[in-house]
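The next block holds one structure in the form of structure tokens; read it before the comments.
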Amino acid sequence: MKYSIKSYSTSKVNGSTNIKETKIEFGTTTESSKILANPAELFLSSFSACIIKNVERFSELMNFKYSKAEIIVEAIRKEKPPRMDEITYVLKIYSRDNKLNISLLKKNIEKFGTIYNTVKSTCLVSGVIEKINIEQ
């Protein structure tokens with residue numbers, strides 16, 4: 001499988017990435033980085049999107065229903081050399097389905113997530129999944 005995107009920037013303003021029919025703007029200057037995502041935040045959003053996508057994927061394969069999934073991702077950046085050193089996440093699955101097996105879901109996300117595995121090969125990744133029981 002291959003992927004292709006196109007990114008560009010305007011001098012002294014900002015950058016943009018085109019993916020299919022989506023345009024994502026990002027900050028490239030001190031001023032624009034205050035209002036637009038920076039590259040590190042885009043990186044973390046890709047990581048979180050991978051996990052969220054796999055919740056949907058495995059809800060079908062594991063036959064459980066959920067109403068919502070949300071994730072908070074935090075990272076520690078190392079200065080020399082500059083890189084992400086540690087990433088932690090808390091994934092909340094809102095569901096009343098007793099078939100939701102949290103430990104199996106976590107195992108599947110960690111085994112089959114493309115971005116997850118790419119990141120895990122270069123820095124420490126840890127996370128927890130919580131089931132939030134919703135009322136009927």
Side-chain angles (χ1 to χ4, degrees):
M1 181 174 268
K2 290 185 175 184
Y3 300 94
S4 178
I5 65 164
K6 180 179 180 181
S7 298
Y8 57 92
S9 69
T10 304
S11 180
K12 309 286 188 243
V13 182
N14 61 32
S16 180
T17 298
N18 294 327
I19 306 168
K20 299 176 184 168
E21 294 184 24
T22 303
K23 180 178 179 179
I24 302 170
E25 293 189 40
F26 55 91
T28 59
T29 67
T30 303
E31 294 78 27
S32 64
S33 289
K34 293 177 184 173
I35 58 170
L36 298 172
N38 65 43
E41 292 163 331
L42 291 176
F43 170 76
L44 295 175
S45 71
S46 179
F47 176 82
S48 68
C50 175
I51 291 175
I52 293 289
K53 180 181 183 209
N54 277 303
V55 169
E56 180 65 23
R57 175 182 176 207
F58 289 114
S59 72
E60 294 174 14
L61 294 172
M62 294 171 56
N63 196 29
F64 69 85
K65 292 182 178 11
Y66 71 101
S67 61
K68 180 172 78 168
E70 65 183 25
I71 187 168
I72 296 173
V73 178
E74 296 181 342
I76 297 174
R77 179 181 185 263
K78 186 175 181 178
E79 291 298 322
K80 293 184 182 181
R83 66 180 178 92
M84 294 300 177
D85 195 44
E86 183 179 339
I87 295 175
T88 59
Y89 68 90
V90 176
L91 172 63
K92 295 181 181 180
I93 310 287
Y94 292 79
S95 176
R96 64 176 177 231
D97 195 333
N98 291 328
K99 292 180 277 188
L100 172 53
N101 181 334
I102 295 293
S103 60
L104 181 58
L105 177 61
K106 187 173 191 301
K107 180 180 176 181
N108 285 332
I109 288 170
E110 292 175 354
K111 184 174 182 180
F112 297 107
T114 301
I115 304 301
Y116 185 98
N117 282 308
T118 302
V119 171
K120 184 176 75 173
S121 70
T122 61
C123 74
L124 178 64
V125 176
S126 62
V128 296
I129 301 177
E130 301 173 354
K131 178 181 177 188
I132 308 298
N133 289 310
I134 56 174
E135 295 183 26
Q136 297 191 27

> Ser95 side chain to Lys65 main-chain N or O, any donor-acceptor pair under 3.5 Å?
Replying inline: yes
> At what distance, to the nearest 0.5 angstrom, does CD1 of Ile93 lie from NZ of Lys106?
Replying inline: 12.5 Å
>> What's the separation between atom CG in Leu91 and atom CD1 in Ile109, rounded to the nearest 0.5 Å?
In response: 5.5 Å
> Are Val90 and Ile129 linked, directly or through other ILVMFWY residues, by side chains that come within less than 4.5 angstrom of each other?
Replying inline: no
Donor-acceptor pairs under 3.5 angstrom involving side-chain atoms of residues 50-63: please list them, not counting sequence neighbours.
from, atom 1, to, atom 2, distance (Å)
Asn54, OD1, Arg57, NH1, 3.4
Asn54, ND2, Cys50, O, 3.0
Glu56, OE1, Tyr66, OH, 2.5
Ser59, OG, Glu56, O, 2.7

> Rounded to the nearest 0.5 Å, how far does CD1 of Ile72 lie from NZ of Lys92?
Replying inline: 5.5 Å
> Is a donor on one side and an acceptor on the other found under 3.5 Å between the side chain of Thr29 and the backbone of Lys12?
Replying inline: no
> Can you hop from Leu105 to Ile115 via hydrophobic side chains spaced under 4.5 Å?
Replying inline: yes
>> The criterion is side chain to side chain donor-acceptor pair (under 3.5 Å); which residues satisfy it with Glu70, sequence neighbours excluded?
In response: Tyr94
> Would you find a donor on one side and an acceptor on the other, under 3.5 Å apart, between the side chain of Ser121 and the backbone of Thr118?
Replying inline: yes
> Taking atom OG of Ser45 and atom CZ of Phe26, what is their separation to the nearest 0.5 Å?
Replying inline: 12.0 Å
>> Within this structure, what is the OG1-CD distance for the pair Thr17 and Glu25, rounded to the nearest 0.5 Å?
In response: 10.0 Å
> Out of curiosity, Arg96 CZ to Ile134 CD1, how far, rounded to the nearest 0.5 Å?
Replying inline: 5.5 Å
> Is it true that a side-chain atom of Lys131 and a backbone atom of Asp97 form a donor plus acceptor pair closer than 3.5 Å?
Replying inline: yes
>> Apply side-chain contact (heavy atoms from CB on, under 4.5 Å) to residues Phe64 and Leu104 and explain how you reach the verdict.
In response: CA-CA 12 Å; Phe64 69 85; Leu104 181 58; over 6 Å; no
> Quick check: does any side chain N or O of Asn117 sit under 3.5 Å from a backbone N or O of Lys111, one acting as donor and the other as acceptor?
Replying inline: yes
> Does the side chain of Thr88 reach to within under 4.5 Å of the side chain of Ser126, using non-hydrogen atoms?
Replying inline: yes
> Mind checking whether Leu42 and Ile5 sit in one hydrophobic cluster, side chains of I, L, V, M, F, W, Y counted as touching below 4.5 Å?
Replying inline: yes
>> Counting only heavy atoms not in Glu74 (residues, nucleotides, ligands), do more than 12 fall under 6.0 Å from its CD?
In response: no
> Pick from Ile71, Val73, Val119: which one makes a side-chain contact (heavy atoms from CB on, under 4.5 Å) with Leu44?
Replying inline: Val73
